[in-house]
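Comments concern the structure below.
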Amino acid sequence: MQDVIGRAGAPIRDGSAQSGPRVMVEACAVSKHFGGGEQVVKALDAVSVGIREGEFFTLLGPSGCGKTTLLRLIAGFEHPTAGAILLDGADISGLPPFRRPVNTVFQSYALFPHLTVAQNIGFGLEMLGRPKAEITETVADMLRMVRMEAMRDRQTSQLSGGQQQRVALARALAPRPKVLLLDEPLSALDLKLRKEMQVELKRLQLETGITFVFVTHDQGEALAMSDRIAVMSEGHILQVGSPTEIYEHPADHFVASFIGETNFLTAAVEGVEGGQVRLRLGGALEVRTGLPDGMAPGSSVTVVVRPEHLRIIGQSAGQGAGQGLPATVSDVVYLGTDTHYHLRLADGEELFARVQNRPEGGEAWQVGDAVLASFPPAAVRVLRD
């Protein structure tokens, strides 16, 4: 697999191992421009990434980042301005969609309202000229897979949103494509049904072994379902890795802020010893942690701490500077499973802590309480300013 390329052609962080299954889909320095001259829009700018056989791979990012454009290039609905799209090692950049062993599930399920569930699932197979016996057997298999056997003869207009989603998936999976592309297919569903369908999608992917390429702006969906995630922004891939790698070890400020809730603090590098950095935060707290290469004493850095890693302790006797950053509780939000505390530091910076609520209870802080915001060194991530 080629190196993954980020902004200005620099290799980006891909924390995943390179050994294992072969690459099924590969974008090789792919660019896609719309318009021309001064009005040109660079939807993708020299993007390279490899998607492995049999994995659930998610393209994640805000609107306009290029994720759907990359999906459409793989599907054949768009053609690259530069670079190439490979599928199982073969260049498919110039092939029309119907010549590619790829199927797509869209936001709108595009089911045929005048056909039954079974007829919708078998439609693509009929267009491919498959034998009638094969179609009948495949439709039955797909109905079992998506748990819709009892509704095979219903009109799709009589189905709920979740049921229509299952039919669209079954229709796309019936021809056994090498790759299934999913363009934000859960966005029209309510929250509860969306979570149920996340489980179903992952189950179907594992059961079929087909490579799934999923596009979403919803970080929760990406973390819940993906084997690997590519975080995108402004036509570039910034980081590729497992959900754990993306969340716990963000490569830059954008990734850290886009994936989950995050606290950012300004810190000064006081020294570098044995591969670790000694940081000073807020003039009060010293932390030793890992450091990006090339950082020198005196440098200013940004410290990333997730809210669930932040600990609140009281400013009582024996607890003071050196154990945490002095802060005042500015807001308390009880959410059942956990309580969110908003803290204001002496210099005006704000922190957010998420504390899980337990049956045995625990210390509950009130607005106005003077506390210390503390966190273990292992929870600290250091980013260059």
Side-chain angles (χ1 to χ4, degrees), residues 6-7 12-15 58-63 65 67 216-224 226 228-234 236-269 277 279-282 284-285 287-292 295 299-313 324-325 327-333 335 337-356 365 371-385:
R7 297 181 188 277
I12 68 168
R13 177 171 179 173
D14 184 349
T58 296
L59 301 172
L60 173 67
S63 297
C65 71
K67 57 187 185 297
T216 184
H217 63 274
D218 188 315
Q219 54 195 267
E221 285 183 356
L223 293 172
S226 310
R228 288 192 303 153
I229 300 169
V231 182
M232 299 189 66
S233 177
E234 298 180 351
H236 299 272
I237 295 178
L238 303 184
Q239 185 174 0
V240 179
S242 69
T244 300
E245 290 164 344
I246 294 289
Y247 186 83
E248 298 290 352
H249 302 279
D252 63 14
H253 192 287
F254 178 87
V255 176
S257 62
F258 190 76
I259 307 295
E261 296 170 302
T262 311
N263 292 302
F264 295 97
L265 286 167
T266 301
V269 178
V277 60
L279 300 174
R280 180 72 61 177
L281 291 92
L285 183 63
V287 176
R288 294 173 184 264
T289 187
L291 181 73
M295 194 64 65
S299 302
S300 177
V301 296
T302 297
V303 167
V304 176
V305 182
R306 295 293 186 182
E308 63 271 20
H309 296 153
L310 200 63
R311 297 293 177 263
I312 303 174
I313 55 180
L325 295 174
T328 302
V329 179
S330 60
D331 196 14
V332 179
V333 182
L335 293 175
T337 57
D338 50 35
T339 298
H340 294 182
Y341 291 97
H342 296 262
L343 311 176
R344 183 173 290 109
L345 303 181
D347 61 2
E349 283 195 276
E350 294 191 351
L351 293 178
F352 165 50
R354 184 186 296 115
V355 179
Q356 186 175 5
W365 307 101
V371 297
L372 295 173
S374 178
F375 35 84
V380 173
R381 300 289 174 258
V382 180
L383 302 176
R384 290 184 178 86
D385 282 348

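Since this is a predicted model, take the numbers as computed values, not measurements.
- In this structure, Lys67 contributes its side chain and Leu59 its backbone to no donor-acceptor pair below 3.5 Å.
- Between the side chains of Arg306 and Thr262, a donor-acceptor pair is found at a separation under 3.5 Å.
- In this structure, the separation between CG on Leu265 and CD on Glu349 is 5.0 Å, given to the nearest 0.5 Å.
- For the pair Ile237 and Val240, the tightest heavy-atom approach, listed with the atom from each and the gap, is CG2-CG2, 3.6 Å.
- Expressed to the nearest 0.5 Å, how far CG of Leu223 lies from CG of Asp218 amounts to 9.0 Å.
- Partners of His342 by side chain to side chain donor-acceptor pair (under 3.5 Å), not counting sequence neighbours: none found.
- At a threshold of 4.5 Å between non-hydrogen side-chain atoms, the residues Ile259 and Ile229 do not count as touching.
- For the residue pair Arg344 and Glu350, the shortest heavy atom distance occurs at NH2-OE2, 3.1 Å.
- The shortest side-chain heavy-atom distance between Ile246 and Leu60 does not fall under the 4.5 Å cut-off.
- Across every non-hydrogen atom of His236 and Glu234, the tightest pair is CD2-O, 3.1 Å.
- By the 4.5 Å heavy-atom criterion applied to side chains, Val301 and Leu383 are not counted as neighbours.
- Put simply, the side chain of Trp365 does not reach to within 4.5 Å of the side chain of Val332, judged on heavy atoms.
- Side-chain contact check for Leu351 versus Val305: every heavy-atom pair is 4.5 Å or farther apart.
- Sorted by first then second residue, the salt bridge (charged side-chain N to carboxylate O under 4.0 Å, His left out) pairs that include residues 256-269, not counting sequence neighbours, are Glu261-Arg354.
- Within the model, atoms CZ of Phe258 and CD of Gln219 stand 6.0 Å from one another, a figure rounded to the nearest 0.5 Å.
- Using a 4.5 Å heavy-atom threshold, the side chains of Tyr341 and Leu310 count as separate.
- For the pair Ser257 (side chain) and Phe254 (backbone), a donor-acceptor distance under 3.5 Å is present.
- Rounded to the nearest 0.5 angstrom, Phe375 CZ and Leu325 CG are separated by 5.0 Å.
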Which is it for Val329 and Leu343 under the side chain to side chain contact (heavy atoms under 4.5 Å, CB included) test, yes or no, and what are the steps along the way? CA-CA 5 Å; Val329 179; Leu343 311 176; 3.8 Å; yes

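- Between Pro62 and Met232, the closest heavy-atom pair is CD-O, 3.5 Å.
- To the nearest 0.5 angstrom, Ser374 atom OG is 13.0 Å from His309 atom NE2.
- Val304 is listed as a side-chain neighbour of Phe264, based on a closest heavy-atom distance under 4.5 Å.
- Looking at every heavy atom in both residues, Ala222 comes nearest to Pro243 through O-CG, 4.4 Å.
- Here the NE2-OG distance, from His249 to Ser242, works out to 8.5 Å after rounding to the nearest 0.5 Å.
- The two residues Leu372 and Gly324 make their nearest non-hydrogen contact at CD2-O, 3.9 Å.
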